[in-house]
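In what follows, a structure is listed as structure tokens, so that the remarks can point back to it.
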Amino acid sequence: MRRRMSALAVTAVLAGGLLLSVAPAESASAATRGSSVSVNIEELRAQARNLHAQADRLRHQGHYREANVTEARAQALDAYIQRLVDCERNVRC
């Protein structure tokens with residue numbers, strides 16, 4: 001049972017990461033057409049903060065599995081934000 005739940009958690013994290021990684025590919029294709037894509041980084045950071053806070057609340061209530069999944073989503077969003085910032089600064093695109 002434990003392995004099944006951790007496998008589901010890993011699958012959910014990977015699926016969330018794949019969904020978040022689609023946006024940079026879209027922005028690259030839009031940039032080649034001469035148009036631009038704008039992203040509100042502050043709004044994304046607020047979403048990440050909310051996810052971190054929700055994970056903390058779940059962990060405090062004893063819902064560790066759900067907290068781990070929520071924390072993984074927040075970390076994936078943090079990584080996405082960092083990729084956007086790095087691309088904006090032409091560091092690692």
Rounded at 0.5 Å granularity, tell me how far [atom1] in [X] sits from [atom2] in [Y].
{"X": "Glu88", "Y": "Arg83", "atom1": "CD", "atom2": "CZ", "answer": "15.0 Å"}
{"X": "Gln47", "Y": "Asn40", "atom1": "CD", "atom2": "CG", "answer": "9.0 Å"}
{"X": "Thr70", "Y": "Gln75", "atom1": "OG1", "atom2": "CD", "answer": "11.0 Å"}

**Item:** Heavy-atom pair with the smallest gap, counting every atom of Ala55 and Ala67
**Value:** O-CB, 3.5 Å
**Message:** Looking at every non-hydrogen atom in both residues, tell me the closest pair between Leu77 and Leu44 and how far apart they are.
**Reply:** CD2-O, 3.6 Å
**Asked** Can you name the side-chain contact (heavy atoms from CB on, under 4.5 Å) partners of Ala74, sequence neighbours left out?
**Response** Leu51, His52
Name all residues meeting the salt bridge (charged side-chain N to carboxylate O under 4.0 Å, His left out) criterion together with [X]; count only those two or more places apart in sequence or in a different chain, and write none if there are none.
{"X": "Glu42", "answer": "Arg45"}
{"X": "Asp78", "answer": "none"}
{"X": "Arg57", "answer": "none"}

**Chi angles and distances behind the side chain to side chain contact (heavy atoms under 4.5 Å, CB included) call for Asp56, Arg59** = CA-CA 5 Å; Asp56 289 340; Arg59 195 170 288 112; 3.5 Å; yes
**Prompt:** Heavy-atom distance under 4.5 Å between the side chains of Val69 and Leu58, does that happen here?
**Reply:** no
